[in-house]
Amino acid sequence: MAPSYPTCFLLLLSFWALRALAQAPADPLKDFCRRYGHQTAIIDRKLYIDGGWLYANPISRNPTPVINRGLLYNDLDEISDGMPKQHANLTKNSSVPAVAGGTLWEDEVNKVFWLYGGEFQSAPSPFELWGYDVILNQWNLSDAGTAATSPIQRVSYGAGVSVNDIGRGYYYGGYLNNLTNPLWNGPQIATSNLIIFDMEDHKLTNNTGYDNMGRAEGTMVYIPASGAGLLVYFGGVTFPYGNETAVAAPLDTILIYDIGDASWHSQAATGEIPEQRRKFCGGATWAQDRSSYQVYIYGGFGFAENATGFDDVYVLTMPAFEWVKWYPEKPGPGAPHGLLTCNVIENSQMMVMGGNFTNTTECDVPKIQGQHNLNLGQYNRDNAKWFQYLPNVTEYLVPPEILQITGGSPRGGATKKSPSNGWDDNRVATYFGQLAPNSSRTPTRAIPTQTAIPVVPVTPPSKKRNIGAIVGGAVGGVAVLAFAAGLIFFFLRRRRSNQQPQPTPVPTATDYSSVQSPISKYATESKFTVVDPNYTTPVLSPNLSSHSPVHSNAHSQPYSTPPPVQTTQPMYHPAHAPEPIEYYPPPDGSRPNLAHLGSSEMPTIRSPP
Ligand SMILES: *[C@@H]1O[C@H](CO)[C@@H](O)[C@H](O)[C@H]1NC(C)=O
Ligand SMILES: *[C@@H]1O[C@H](CO)[C@@H](O)[C@H](O)[C@H]1NC(C)=O
Ligand SMILES: *[C@@H]1O[C@H](CO)[C@@H](O)[C@H](O)[C@H]1NC(C)=O
Ligand SMILES: *[C@@H]1O[C@H](CO)[C@@H](O)[C@H](O)[C@H]1NC(C)=O
Ligand SMILES: *[C@@H]1O[C@H](CO)[C@@H](O)[C@H](O)[C@H]1NC(C)=O
Ligand SMILES: *[C@@H]1O[C@H](CO)[C@@H](O)[C@H](O)[C@H]1NC(C)=O
Ligand SMILES: *[C@@H]1O[C@H](CO)[C@@H](O)[C@H](O)[C@H]1NC(C)=O
Ligand SMILES: *[C@@H]1O[C@H](CO)[C@@H](O)[C@H](O)[C@H]1NC(C)=O
Ligand SMILES: *[C@@H]1O[C@H](CO)[C@@H](O)[C@H](O)[C@H]1NC(C)=O
Ligand SMILES: *[C@@H]1O[C@H](CO)[C@@H](O)[C@H](O)[C@H]1NC(C)=O
Ligand SMILES: *[C@@H]1O[C@H](CO)[C@@H](O)[C@H](O)[C@H]1NC(C)=O
């Protein structure tokens, strides 16, 4: 029987659409180009990467990003090309939301992280809170409530942070829209509330924020000052009129939430105030004696004349409440990007991962999957800020630019105890005079002993292929299939959900659970690599075609976030490739070059386990 007209028409349309649209990286590691809008958590020296958007390599053939449905991790003790080695073999099935702009609340004590918030690629599912059990490699639905029972909704691009010491996750502000809530109609609105998840008793609560103004796209960190800890929030946008008009939040206004008192405060900051920005990332660390606390921020998108965004690092030091521009040290072309993550590791290094670049079409150093590392204490042989990740660095030394403000030494003893222009709120002064006590939490579930953890293959995750899951989960109604557009959409969804381009078999969804998966073998078959002959790589402006000063340091460049910005002669030239990493401690037994430290300040080097 000859195919009917509509069928032919649909097929044609489908092929046309498939040609125009990109697909997920067939192999999430090898075909990586860029990642952004993802969420991360660290548990037991593994950095987990969930959701977000992906561009597959080459970006010229994959000009449309797709949502990442898998869960990956970086092993912080396994180094490859100077960065933690990435793995894509963890379970994640289609019941668990695949979102961008959410947060992972990590509970180190119970070895689980909880996925809150975020936007779906399309049609969101009703609210549920899922947790990934690191020991069992399994996702559990929490008993914190569902859309039917919980007054809490899913929101996106707010500011999430988790506080292990007390077992709570926080999320401040964020958007409610038709990609976060299936019942949402009309324009998005930004919320003004602080969502708190108690990780001990699995209770989610909706609490008042600093004021009634909607906020989003800012950054919040935890610091262990005050009786039970402080949350520090800044940047992003505010919605002062209660309508859709977003107003940039100046970064000299620092909002502070005291966990113990459940109270909000603000403090003006001075110094080199960062340009207003959104969708940047940040992480906190502190001098070993907690005499000063530093928040390091990276990048983000800007406003008005700075809309392309930033490729820079600023540091806010508290209680001086003074900003310092830390990188670049002199102006030069950069590669602005936002929607990235910052994870501070052992208080001493900050992994800046991914981001979407606004004025280059290059990939984000695919060899190291877009991972870049700031050595916060410049604790390496070159005193470099951007440096390859060093698993042995576990000690933070306050860098010289900050010591100029705080006084004291790299290990502490800061002498500047208040902001230059005084305190705006005396309670904040009191909070900074206290130290939050150490964690005394105990697990609320059975945790195998430390040595057992790596070998526990406890109840291997179901690696069964999940027929129907995608069909059910992906498209909100079979009726859509009646329409041509719907069918194409369905095809595309299936294609993308699938990570696997051939159209015939029923999709297997979301998990990258098997390294033996047939997925990767399709990667090279041109049949499945949709090439658009009409696509031309956008031409970059000539000023990018010369090496920029920020890339001139052969040692640190590959670890800094600027991607190769030039099409014909990529910056990630072998000349810039990471050097062998086995020099820490240096092979000759010498100490790292820490010329900026006095001899009494030499850091201790952790002996090999
Ligand atoms: C994932 O791969 C790593 C490295 O091969 C291995 O150590 C780990 O056990 C694997 N995890 C799972 C859940 O398969
Ligand atoms: C997840 O569920 C399993 C039962 O399937 C349970 O043994 C485990 O403790 C749960 N994990 C967490 C973190 O709640
Ligand atoms: C996904 O896994 C969870 C358990 O971790 C299970 O309850 C759920 O039914 C699974 N969903 C699908 C679509 O298989
Ligand atoms: C928290 O409560 C406020 C006021 O009822 C509501 O507008 C907001 O949507 C709630 N936030 C979330 C994330 O559910
Ligand atoms: C979702 O909201 C956006 C922005 O308001 C709008 O452009 C889009 O059409 C909406 N989508 C649906 C399915 O309603
Ligand atoms: C929001 O309200 C302000 C002040 O009333 C007004 O200037 C602005 O144009 C409004 N924005 C929108 C999108 O309606
Ligand atoms: C843009 O950046 C400049 C300095 O680089 C700054 O003075 C200006 O305030 C910024 N504009 C906005 C809207 O943030
Ligand atoms: C991208 O933006 C940065 C910072 O604004 C600038 O230095 C660089 O020249 C821009 N590149 C292009 C191709 O416009
Ligand atoms: C990501 O960057 C590309 C250009 O490289 C741009 O076309 C796209 O709109 C950006 N997306 C987001 C969400 O920033
Ligand atoms: C620390 O460095 C030593 C010497 O290079 C190495 O043998 C050891 O594996 C490193 N430890 C970690 C945790 O990476
Ligand atoms: C917290 O623990 C560290 C070592 O783990 C110890 O040096 C410090 O004194 C403790 N602080 C408090 C407030 O208990």
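In listed order, ligands and their atoms are each counted from 1. Nothing fancy with the numbering, it's 1 onward along the sequence. Fair warning: this is a prediction, and the values are worked out from it, not measured in the lab.
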- prompt: More than 12 foreign heavy atoms under 6.0 Å from CG of D201: is that the case here?
  reply: yes
message: Under 4.0 Å, counting heavy atoms only: does Y116 come that close to any atom of ligand 4?
response: yes
- prompt: At a 4.0 Å cut-off, with the gap strictly under it, does some heavy atom of G174 reach an atom of ligand 4?
  reply: no
query: Hey, is ligand 4 close enough to N206 that some N/O pair sits below 3.5 Å?
result: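 Yes.
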Numbering as shown, the atoms of ligand 4 that approach [X] to under 4.0 Å (heavy-atom distance):
X	result
V155	13 (C)
L176	9 (O)
I195	12 (C), 13 (C)
P151	14 (O)

Angle between ring planes, [X] versus [Y], binned at 30° and 60°: parallel, tilted or perpendicular?
X	Y	answer
Y55	Y36	tilted
Y48	Y73	tilted
W264	Y257	tilted

message: Can you tell me which portion of Y171 lies within the under-4.0 Å heavy-atom range of ligand 4? Options are side chain, backbone, both, or neither.
response: neither
Does any N/O atom on [X] come nearer than 3.5 Å to any N/O atom on ligand 3?
X	result
W139	yes
S95	yes
N93	yes

message: Can you confirm if the aromatic rings of W386 and Y298 lie within a centre distance of less than 6.0 Å?
response: yes
task: Could you check D107 against R445 for salt bridge (Lys or Arg N to Asp or Glu O under 4.0 Å), going step by step and ending with a plain yes or no?
output: CA-CA 12 Å; D107 180 350; R445 57 183 289 229; over 6 Å; no
- request: Return a yes/no value: protein heavy atom under 4.0 Å from atom 5 (O) of ligand 4?
  value: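 Neighbour list for atom 5 (O) of ligand 4 is empty of protein heavy atoms (cut-off 4.0 Å).
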Short side-chain donor-acceptor distance under 3.5 Å, N181 and Q153: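 Yes - a donor-acceptor pair under 3.5 Å links their side chains.
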message: Regarding N140 and D133, do their side chains bring together a donor and an acceptor under 3.5 Å, going by distance alone?
response: no
message: Checking a contact table here: which protein heavy atom is nearest atom 14 (O) of ligand 4, and how many Å away?
response: Q153 N, 2.9 Å
- prompt: Nearest protein heavy atom to atom 7 (O) of ligand 4, by residue and atom, and its distance?
  reply: N193 OD1, 4.5 Å
- request: Please indicate whether any nitrogen or oxygen in G334 is less than 3.5 Å from any nitrogen or oxygen in ligand 8.
  value: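 By distance alone, the answer is yes.
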I43 vs F113, side chain to side chain contact (heavy atoms under 4.5 Å, CB included): CA-CA, chis, key distance, verdict: CA-CA 8 Å; I43 292 181; F113 60 77; 4.2 Å; yes
- request: Using a strict cut-off of 4.0 Å, indicate which atoms of ligand 3 neighbour a heavy atom of S94.
  value: 13 (C)
Atom pair CG (D364) and CG (L340), whose distance is rounded to the nearest 0.5 Å: 9.0 Å
task: Could you walk me through whether S95 and W130 pass side chain to side chain contact (heavy atoms under 4.5 Å, CB included), step by step?
output: CA-CA 9 Å; S95 298; W130 287 83; 3.7 Å; yes
Atoms in ligand 8 flagged as close to P336, the criterion being non-hydrogen separation under 4.0 Å: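 Checking each atom against P336, I get 1 (C), 2 (O), 3 (C), 4 (C).
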